[in-house]
Amino acid sequence: MNRIFKGLDRLEEAILSILMLIMTIAIVTQVFSRTIFNNSLAWTEEVARFILVWITFIGASLGVKKGAHIGVEAFTMLLPKKVSELIKYLVLIICMFFTFTVFKDSISILQKQISTGQVSSAVQIPMWIPYLGVTVGTFLMTLRFIEAFCELLKNRKIGGKN
């Protein structure tokens, strides 16, 4: 299981790096186009916007893995250790439920987008491709919250607190 999540770490980081590179190239191209040629390229804005959706959701998944999301540790540190631990479990369960719900609902939205055949205005790619970023990202976040929950359980057993 750990090998799968290690591979997922590398995959997420690689995807984010490639997307950041493409988005940077698109934005720099737009800036040069506007300043040097006094001409705006619509496709660069659209590509950057769609990539930003993907970066946001895949980056959020990596943020879950690295524990970079907002937490209220100051509050939980004031509570007794058992209550604090219970809150950690509860927060992870709520997050798993939320991301799974968004994932599930995004599938139906994705299916509707595929059925309409709508394409983007500038690049003419199917609109389900940008929407797919939400589905992939929330699926990965759900996996990451499950991983964090299992890690919390494992550390509790290793610590001899059971």
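On a predicted model such as this, the values are computed, not experimentally measured, just so you know.
Side-chain contact between I125 and F50: present, with at least one pair of heavy atoms (C-beta onward) separated by less than 4.5 Å. Considering only heavy atoms from C-beta on, L8 stays 4.5 Å or farther from I4 through its side chain. Side-chain contact between M23 and V47: absent, with no pair of heavy atoms (C-beta onward) separated by less than 4.5 Å. Between I114 and Y131, every side-chain heavy-atom pair lies at or beyond the 4.5 Å cut-off. A heavy-atom distance below 4.5 Å is not found between the side chains of I27 and T44. In this structure, Q118 and P126 have side chains that are not in contact, with every pair of non-hydrogen atoms separated by 4.5 Å or more. You'll find the side chain of V64 stays beyond 4.5 Å of the side chain of S61, heavy atoms only.
Scanning all heavy atoms of the two residues, the minimum distance from D9 to R144 falls at OD1-NH2, 2.5 Å. Here the closest non-hydrogen pair linking N39 and Q30 is O-OE1, 4.4 Å. In terms of heavy atoms, P130 sits closest to M127 at CD-O, 3.0 Å. When every heavy atom of W54 is checked against every heavy atom of I129, the shortest pair comes out as NE1-O, 3.1 Å. Between E46 and V123, the shortest heavy-atom distance links the atoms OE1-N, 2.8 Å. The two residues L41 and S33 make their nearest non-hydrogen contact at CG-OG, 3.3 Å.
Under the salt bridge (charged side-chain N to carboxylate O under 4.0 Å, His left out) test applied with E147, the options K65, K154, K66 reduce to a single match, K65. For the side chain to side chain contact (heavy atoms under 4.5 Å, CB included) test with T142, the passing option among F98, F100, F97 is F100; the others fail.
Ring-plane geometry between F103 and F139 is classed as tilted, the angle between the planes lying from 30 to 60 degrees on a 0 to 90 degree scale.
For F32, the CZ atom sits in a loose shell: 12 or fewer heavy atoms of surrounding residues, nucleotides or ligands are nearer than 6.0 Å.
Put simply, the side chain of T138 gets close to the backbone of V134: a donor and an acceptor are under 3.5 Å apart.
A salt bridge links R34 with E45: the distance from a Lys NZ or Arg NE/NH1/NH2 to an Asp or Glu carboxylate oxygen falls below 4.0 Å.
Rounding to the nearest 0.5 angstrom, the gap separating the OG atom in S17 from the CD1 atom in I55 is 9.5 Å.
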